[in-house]
Protein chains: 2
Amino acid sequence: MDKKISTAVAENATERRHSCEACPLRPLPVFRAFEPEELEFVSHFKRGELAVDRGATVLVEGNSSPHLYTVLSGWGFRFKLLSDGRRQILNYIMPGDLIGLQGTIMGEMQHSVEALSGLVLCVFERGKLMELYSRHPGLAYDITWLASREERMLDENLLSIGRRSAIERAAYLLAFIHERARASGLAARSRVAIPVTQQHIADTLGLSLVHTNKTLRKLVQRGMIEWRDGGCEVVDLDGLLRLSGWEGLDEGKRPLV
Amino acid sequence: MDKKISTAVAENATERRHSCEACPLRPLPVFRAFEPEELEFVSHFKRGELAVDRGATVLVEGNSSPHLYTVLSGWGFRFKLLSDGRRQILNYIMPGDLIGLQGTIMGEMQHSVEALSGLVLCVFERGKLMELYSRHPGLAYDITWLASREERMLDENLLSIGRRSAIERAAYLLAFIHERARASGLAARSRVAIPVTQQHIADTLGLSLVHTNKTLRKLVQRGMIEWRDGGCEVVDLDGLLRLSGWEGLDEGKRPLV
DNA sequence: CGCGGGGTTGAATGCCGTCAATTGAAGTGG
DNA sequence: CCACTTCAATTGACGGCATTCAACCCCGCG
């Protein structure tokens, strides 16, 4: 349980920004179409962009987040720590995900967020959230929708950690990440290189590093995944689904705020 | 892992209803004050009441929930099942909690809800939710707040199941339930009788029934809890907090929709 | 070339699960 | 009122899955 927690905290917002009207994410089939006036407000809501290095901490537990972010590109994860350093990864973060809502709405972050790869975030101003709720009920509804979706994913993860065996858990997790990543446009040629170490997987599954390694090895031997240069690739999605007894991701279109 | 899942599903909404203006819950110190027009809308939003018997299933995974509910009185729990019957309890439900939001917002419930005691629910119409978002941004914000709070609780539970030992988990869980129950007005004389079986605790902690029993026995021997006539009482809250390394519930006032 | 991070493996320990059986309380029907 | 059943709690024995300890390898980097 020896973790190195990176201490660099992301700070500088760059000025260079993608216009919301030409958002590279929005054309993806997973995102629902927006009305012109919604798009216009989101554009107005957006304050700038934040580029975060791999390994940097984006949000820190205990801080009150000054901003709300939408992931434009890259990977990250949410996690919590116990006082003795044990770490639990709560969920992974991918393009289109909204982060920092807890801090914005409830005043203080109860978890931290770290970048798994270079990460580009759209920065929204906390103060304008009430204006969004007042003037664009549709967008407000979307934000609740996203919060509800996060809850749904957490429910799944909780079920998995609580009730599945080690190998089932690993199979579920990798299938889950793979599916989400594909839907978020992180797939190059239908293959997805998941940029995690086995320590990340271990801290997500609630297992030790050693046992995680042995479990992953079994998945490799069964030809379901491959492990290469600091990452993981799912080879046999159906196999993972069968092994874990998971139905697969069944999301329709989602909003992109 | 032998579970009996009750099959009775709650059906009939009674006409008898508490007026929202004279809501027995709202005066509690945990709930934030509402503006008169908010109260008026909630009253208009409310459609009736639903009384649910102990053991009955309120919401079923896979169904699209026709309604949204706020718990007026009683205890319940949210859970998910694996196809082979393994059950994971996700969270407990107490007065003031909003349930069925997932089904309302995302179209289909991804978890089930069962009553631990007799339960009285305020029934809200799904169709009027958009109207709420349009006409009362403050209430819309409150609903997002509540969804965010649920996410926060799930994060804590995930941390606990993933990274705490059996006895730490049990200590955390009972302290958590105790704290929430006290804040929700479920305490008679500062003592709280938690109406669960050890099977419920086991399915929450992700442990077997036998090992849960042995773990709870240790907590009893340490004088931290008592187990009596189908329920549990926390005797030494500080002891549980110390054992689990949990900071305790730190919620300010919350909205009551 | 030494060092550190990440991955891999074997051995020993132990926490937790499974099996099995008992107790006591509460309900049911005769 | 008493067999009979059922459910919840309890306890002991045993086995196994997962943790811990301890190496070792590979590779990129200063």
Under 4.0 Å between a side-chain N or O of R217(B) and OP1 or OP2 of dA9(D)? no

Does a donor on one side chain and an acceptor on the other come within less than 3.5 Å for D155(B) and Q110(A)? no

Check every strand shown and say whether G206(B) touches a base, only sugar-phosphate, or nothing at a heavy-atom separation below 4.0 Å. sugar-phosphate

Closest to side chain of T197(B), choosing from dT11(D), dT9(C), dA8(D): dA8(D)

Could you check which of dC16(C), dT11(D), dA8(D) has an atom nearest any side-chain atom of S165(B)? dC16(C)

Are OP1 or OP2 of dT10(D) and a side-chain N or O of Q198(B) less than 4.0 angstrom apart? yes

Quick note, A166(B) side chain, CB onward, closest among dG10(C), dC16(C), dG12(D) is dC16(C)

With a 3.5 Å cut-off and no angle check, do the side chains of Y172(B) and N157(B) form a donor-acceptor pair? yes

From the candidates dG17(C), dA9(D), dG6(C), the one with an atom nearest any side-chain atom of W227(B) is dA9(D)

Closest to the S208(A) side chain, choosing from dT11(D), dT19(D), dT9(C): dT19(D)

Counting only side-chain heavy atoms from C-beta out, which of dA18(D), dG10(C), dC16(C) sits nearest to H211(A)? dA18(D)

From dT20(D), dC19(C), dC16(C), pick the nucleotide closest to the side chain of V210(B)? dC19(C)

